[in-house]
Protein chains: 2
Amino acid sequence: MNWDDLRFFVALARAGSLSEAARRLAADHTTVARRVGELEQALGLKLFDRMPRGWVPTAEGAALAERAADVEAAIHAVARFADGRSETIDGRVSISAPPALASLWLAPRLAPLTRAHPGLTLDLIGDVADASLVRREADVALRLRQPSDSGLIGRRIGDLRYGLYGARGLVEATAGEDLDFLGYDERLDGVPQQLWLRARARDRRIALVTNDLVTLLTAVRAGMGLAALPHVLAAADDGLVCLEEAEAATRPIWLVVHPDLRRSARVRAVMDHLIEVTAPLRRPVVGA
Amino acid sequence: MNWDDLRFFVALARAGSLSEAARRLAADHTTVARRVGELEQALGLKLFDRMPRGWVPTAEGAALAERAADVEAAIHAVARFADGRSETIDGRVSISAPPALASLWLAPRLAPLTRAHPGLTLDLIGDVADASLVRREADVALRLRQPSDSGLIGRRIGDLRYGLYGARGLVEATAGEDLDFLGYDERLDGVPQQLWLRARARDRRIALVTNDLVTLLTAVRAGMGLAALPHVLAAADDGLVCLEEAEAATRPIWLVVHPDLRRSARVRAVMDHLIEVTAPLRRPVVGA
DNA sequence: CGCGATATGTGGAAATTCGCGCAGATGATG
DNA sequence: CATCATCTGCGCGAATTTCCACATATCGCG
């Protein structure tokens with residue numbers, strides 16, 4: 001039995017079709033078919049039904065996929081260990097962060113890092129679902145919650161403070177009037193800034209809900225209403241004014257890394273830079 | 001990273017030399033060297049120091065070997081799962097049993113099994129150290145202790161009863177005289193038959209100690225003294241006579257299998273046969 | 001001290017594997 | 001109903017991998 005065939009198997013089981021699996025593996029679809037076929041022969045099991053629109057796992061294939069996932073997890077541990085020992089600051093480091101933070105705030109602050117290390121490549125992943133560091137979907141992550149996985153190392157590197165913001169034109173034109181509020185949708189009910197907004201809004205209309213902070217920011221800037229926005233994103237925007245602090249909406253910022261990677265020079269360099277750029281967030285009061 | 005390279009890595013780490021690893025892998029030593037070299041390059045670590053007498057793991061290689069063992073364990077689980085689903089009674093089944101039981105008692109009772117299933121190959125492993133079923137060193141095992149590993153399924157299929165035996169000529173010639181005793185050495189102190197013998201011997205000399213039951217049996221047959229022997233081995237021997245029962249020395253016989261393999265037709269057939277041939281051991285009193 | 005056994009390392013031939021191109025089929029789309 | 005995109009399947013040439021034979025080094029032993 002060829003262990004590497006399992007790599008193709010898990011990719012195929014996850015992708016659903018030969019072609020998609022081949023793309024993700026950077027291989028040819030005929031190769032995927034051959035390797036998985038050989039695995040079937042080696043194990044003496046039919047793992048997939050060959051359908052015109054894709055290969056669908058048989059019952060045994062699906063059951064095997066669970067066990068193959070254990071193999072993959074162990075492989076990831078091996079890779080993490082190796083990465084954790086590398087002494088040179090080059091290669092690739094993936095950073096996971098909430099999408100708006102990644103795109104609007106983190107992205108423009110990474111240039112000094114890549115400039116300092118010519119061999120370094122960054123992969124900035126903005127994802128609503130926290131990337132799994134154990135499954136190696138990212139190397140380090142910025143999160144707004146304390147990591148729940150006990151196998152990970154988290155360090156609180158600051159606080160994300162919020163204020164109630166509105167478009168300058170709108171606020172100056174309407175002064176003290178009751179303006180519409182803009183907030184998050186149901187999937188994000190329960191986060192502090194949303195709770196604060198609901199309490200603050202009382203009977204006022206919440207004119208727009210979204211799951212994306214960038215959308216929220218854009219809507220506020222367009223004069224659609226008021227929203228609780230992080231100071232780090234809104235304070236620098238000349239088109240926005242802060243009406244009041246939203247102290248209760250404050251969220252902690254955690255820097256999370258897998259222990260195996262903590263000592264990697266490459267990952268260490270990225271973490272140091274993240275700690276450096278978040279320095280302003282560790283001051284008692286942040287904002288304009 | 002090629003997952004199959006890890007297979008070569010664990011083999012090399014375990015074998016200690018390219019040549020030995022190549023033998024176990026049924027590959028060429030140059031292949032082992034190249035594959036492990038590629039793994040080193042992929043991980044960016046030097047895993048072995050190339051010595052004239054063998055490749056010795058570096059500190060990182062040794063540490064990685066532990067994690068690679070996890071991969072191997074997961075691979076074994078995959079293989080077990082596949083074997084557990086096979087519907088045909090062919091292929092290979094390995095049986096682990098105490099050496100004397102394997103060679104003298106079990107071996108002559110396996111013929112009907114292979115005769116009934118022409119595609120079946122048996123691998124009978126007589127080993128003092130219980131083969132690890134989790135690590136797939138054997139498929140089923142006969143053991144004289146309840147299995148301690150909670151992940152395994154054990155079934156008590158009988159009892160191994162002992163008697164105090166001596167060579168017929170010796171016993172008839174000396175009648176009631178105090179004969180020498182023969183027993184196990186220190187490594188096996190604590191097993192019931194040895195405790196019984198010690199209690200029974202009192203101040204009599206134990207003229208020979210060994211760790212091997214076959215040796216003990218041969219020595220008894222040669223008229224060297226008396227020993228506690230299993231009835232199943234000694235009772236059929238015309239040259240031996242049983243002087244007394246050793247009820248306290250009775251040991252349970254457990255049939256152990258990994259749960260993944262329990263439903264395999266191949267393994268099931270072997271287990272059924274083992275249960276059949278041990279039927280006499282489930283009678284209240286066993287012997288001549 | 002020399003000899004045999006066993007080890008690693010090197011270069012070239014053989015075998016295997018891989019990827020490419022194309023055909024055939026299916027489902028979505030206008 | 002025609003079209004387009006996407007998927008699987010097959011054959012062939014190329015590239016990679018593997019094995020084989022030989023050279024060289026080291027350890028144990030008489």
Side-chain angles (χ1 to χ4, degrees), chain A residues 1-62 64-65 68 71-72 75 78, chain B residues 1-62 64-65 68 71-72 75 78-79 82:
Chain A
M1 173 176 167
N2 183 342
W3 292 12
D4 206 42
D5 288 347
L6 275 179
R7 189 162 59 90
F8 289 79
F9 169 75
V10 296
L12 178 56
R14 211 163 277 159
S17 77
L18 283 186
S19 309
E20 179 58 27
R23 268 190 293 276
R24 299 189 192 174
L25 290 166
D28 197 85
H29 72 272
T30 57
T31 302
V32 179
R34 272 190 291 251
R35 301 288 289 267
V36 173
E38 274 176 29
L39 181 67
E40 285 185 326
Q41 197 159 7
L43 299 181
L45 292 177
K46 189 180 181 194
L47 300 173
F48 292 92
D49 287 319
R50 277 73 167 165
M51 299 299 190
R53 298 291 293 177
W55 289 26
V56 302
T58 62
E60 284 158 349
L64 193 77
V71 177
E72 190 189 26
I75 292 276
V78 165
Chain B
M1 173 177 167
N2 184 341
W3 291 13
D4 206 42
D5 287 348
L6 274 179
R7 189 162 59 90
F8 289 79
F9 169 75
V10 296
L12 178 56
R14 211 163 277 158
S17 78
L18 284 186
S19 309
E20 179 59 25
R23 269 191 292 276
R24 298 188 194 175
L25 291 166
D28 197 85
H29 68 95
T30 58
T31 302
V32 180
R34 197 163 22 71
R35 299 287 290 267
V36 173
E38 274 175 29
L39 181 67
E40 284 185 328
Q41 197 159 6
L43 299 181
L45 293 177
K46 190 181 180 194
L47 301 173
F48 292 92
D49 287 319
R50 278 75 166 162
M51 300 299 190
R53 297 292 292 177
W55 287 27
V56 301
T58 62
E60 285 157 349
L64 193 77
V71 177
E72 190 190 26
I75 291 277
V78 165

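We use all heavy atoms of the structure for the numbers below, so side chains are in, but hydrogens, waters and symmetry mates are not. Keep in mind it's a predicted model, so treat the numbers as computed, not measured. Throughout, a chain's letter reflects where its sequence line sits, starting with A, and its residues are numbered from 1.
Axis orientation changes by 30° from one end of the helix from C/dC1-D/dG30 to C/dG30-D/dC1 to the other, with each end axis drawn from 5 pairs and the value rounded to 10°.
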Just the table, please: protein N/O against nucleotides 23-27 of chain C N/O, every pair under 3.5 Å.
unit_1, atom_1, unit_2, atom_2, d
C/dT26, O2, A/Arg53, NH1, 3.4

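Within 6.0 Å of CD in B/Glu38 there are more than 12 heavy atoms belonging to other residues, nucleotides or ligands.
In terms of the side-chain contact (heavy atoms from CB on, under 4.5 Å) criterion, residue partners of A/Arg50 (sequence neighbours excluded) are, by chain and number, A/Glu40, A/Lys46, A/Phe48, A/Trp55. Residues forming a side-chain contact (heavy atoms from CB on, under 4.5 Å) with B/Met1 (at least two apart in sequence, or on another chain): A/Ile75, A/Val78, B/Leu6, B/Leu39, B/Leu43. Residues passing the side-chain contact (heavy atoms from CB on, under 4.5 Å) test with A/Arg35, sequence neighbours excluded: A/Asn2, A/Asp4, A/Asp5, A/Phe8, A/Thr31. Take A/Thr30 and apply the side-chain contact (heavy atoms from CB on, under 4.5 Å) test, not counting sequence neighbours, and it matches A/Asp28, A/Arg34. The salt bridge (charged side-chain N to carboxylate O under 4.0 Å, His left out) check on B/Arg53 picks up nothing, with sequence neighbours excluded.
A heavy atom lying under 4.0 Å from DNA chain D marks the following residues of residues 29-49 of chain A, by number: A/His29, A/Thr30. Within residues 7-25 of chain A, the residues that have a heavy atom under 4.0 Å from DNA chain D are, in order of number, A/Ser17, A/Leu18, A/Ser19, A/Arg23.
Remark: C1' of C/dC18 and CG of A/Asn2 are 14 Å apart, rounded to the nearest angstrom.
The salt bridge (charged side-chain N to carboxylate O under 4.0 Å, His left out) analysis of residues 8-19 of chain A, with sequence neighbours excluded, yields the pairs A/Arg14-A/Glu72. Residue pairs meeting the ring pair (Phe, Tyr, Trp, His ring centres under 6.0 Å) criterion with at least one partner in residues 16-44 of chain A, sequence neighbours excluded, do not occur; the list is empty.
The heavy-atom pair separating A/Leu25 from A/Arg7 by the smallest distance is CD2-NH1, 4.1 Å. Between B/Ala65 and B/Phe9, the closest heavy-atom pair is CA-CE2, 3.6 Å. When all heavy atoms of A/Ala21 and A/Leu12 are compared, the closest pair comes out as CB-CA, 3.7 Å.
Atoms OG and CE, from A/Ser17 and A/Met51 in turn, are 14.0 Å apart once rounded to the nearest 0.5 Å.
Where DNA chain D meets chain A (any atom under 4.0 Å from a heavy atom), the bounding nucleotides read 5' to 3' are D/dT6 to D/dC10.
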